[in-house]
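Positions are given from 1 along the sequence. Please read these numbers as outputs of a predicted model, since none were measured by experiment.
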Amino acid sequence: LLLAPTGTGKTLAAFLGALDRLMFAPVPPRASRCRVVYVSPLKALAVDIERNLRAPLQGIAREATAQGVPFHLPQVSVRTGDTPARERARFQRAPADILVTTPESLYLLLTSRARAALASAETLILDEIHALVPTKRGSHLALSVERLEELCGRPLQRIGLSATQRPLDEVARFL
């Protein structure tokens, strides 16, 4: 659980370890590329996250190039209720390294043919976790998280982010 005030870099901190693995570890086969799943309770935040990941990815790539270190530039895919059908189909055929989604879209992915694309996930980031814990959406998300972990066949690294996680022990149990 990362608890810090808004604007202090929680999301980037949550992504950094995963970005290191995605960029510098051997690249898996195309069908096994989706290794990070980021869940936001808000569609607008999901879109912002995709946009905000560009700068760190480009910065790390620039530095790796300057040092002559080979790397893979991760692809990011956004899946919300607003995602066009062609983009949904593309994710199923050629999964991105990072999936940015909402609780409802994660559920739909897990109940579709695209679910196989999620089987390679290693890291799950739940943003604004405080908004989900005490709600029906949170209960629904908890079921999706367990389904995702079952699909993967191994424990996921679960990272919860919030500026207002209270009570902390309840949020930790949820995560």
Spell out, as yes or no, whether a donor-acceptor pair under 3.5 Å connects the side chain of D20 to the backbone of L16. no
Heavy-atom closest contact (A163 atom, T6 atom, distance): CB-OG1, 3.7 Å
Provide the closest heavy-atom pair for I129 versus S162 in the form atom of the first, atom of the second, distance. CG2-CB, 4.0 Å
Look at the side chain of R137 and the backbone N and O of P103, then say whether any donor-acceptor pair between them is shorter than 3.5 Å. no
For G81 and K43, the nearest pair of non-hydrogen atoms, with its separation, is N-CD, 4.2 Å
Measuring only between side-chain heavy atoms, which start at C-beta, is V37 closer than 4.5 Å to I125? no
State, yes or no, whether a side-chain contact exists between V27 and R33 at a heavy-atom distance under 4.5 Å. yes
Is there a continuous path of hydrophobic side-chain contacts, each under 4.5 Å between heavy atoms, that joins L109 to V145? yes
Is the shortest distance from a Lys or Arg side-chain nitrogen in R79 or E87 to a carboxylate oxygen in the other one below 4.0 Å? no
Quick one: closest heavy-atom pair of L2 and A13, and the distance? CD1-CB, 4.2 Å
Count the heavy atoms belonging to other residues, nucleotides or ligands that lie under 6.0 Å from CD of E150, then report whether that count exceeds 12. no
Kindly indicate whether the side chain of P74, heavy atoms from C-beta on, has any atom under 4.5 Å from the side chain of R35. no
Just so I know, are the side chains of E128 and S40 near enough to count as touching, which here means a heavy-atom distance under 4.5 Å? no
Here the pair of heavy atoms bringing P41 nearest to L132 is CB-CD2, 4.0 Å
Ring pair (Phe, Tyr, Trp, His ring centres under 6.0 Å) contacts in which one or both residues fall within residues 95-150, not counting sequence neighbours: Y107-H140
Could you check whether any side-chain N or O of K10 sits under 3.5 Å from a backbone N or O of A4, counting only pairs where one atom can act as donor and the other as acceptor? yes
Nearest heavy-atom neighbours spanning A46 and V100: O-CG1, 3.2 Å
Are L156 and L126 connected in a single hydrophobic cluster, I mean Ile/Leu/Val/Met/Phe/Trp/Tyr linked by side-chain heavy atoms less than 4.5 Å apart? yes
Could you go step by step and tell me if V36 and D97 meet the side chain to side chain contact (heavy atoms under 4.5 Å, CB included) rule? CA-CA 7 Å; V36 178; D97 302 276; over 6 Å; no
Do V171 and L175 have side chains that get closer than 4.5 Å, going by heavy atoms? no
Donor-acceptor contacts under 3.5 Å from residues 113-124 side chains, at least two apart:
residue: R115; atom: NE; partner: L110; partner atom: O; Å: 3.1
residue: S120; atom: OG; partner: S32; partner atom: O; Å: 3.1
residue: S120; atom: OG; partner: C34; partner atom: O; Å: 2.7
residue: T123; atom: OG1; partner: R21; partner atom: NH2; Å: 2.9
residue: T123; atom: OG1; partner: Q157; partner atom: OE1; Å: 3.4

List the atom pairs, donor and acceptor, that lie under 3.5 Å between side-chain atoms in residues 53-64 and the rest of the protein, sequence neighbours left out.
residue: R54; atom: NH2; partner: E50; partner atom: OE1; Å: 3.1
residue: R54; atom: NH2; partner: E50; partner atom: OE2; Å: 3.3
residue: E63; atom: OE2; partner: Q67; partner atom: NE2; Å: 2.7

Using modelled atom types only, decide if a donor and an acceptor are shared between the side chain of T83 and the backbone of V78 within a distance under 3.5 Å. yes
Below 4.5 Å, heavy atoms only, C-beta onward: do T135 and S139 meet side chain to side chain? no
Less than 4.5 Å apart, any side-chain heavy atom of I98 and any of Q75? no
Mind checking whether E149 and R154 have side chains closer than 4.5 Å, heavy atoms only? no
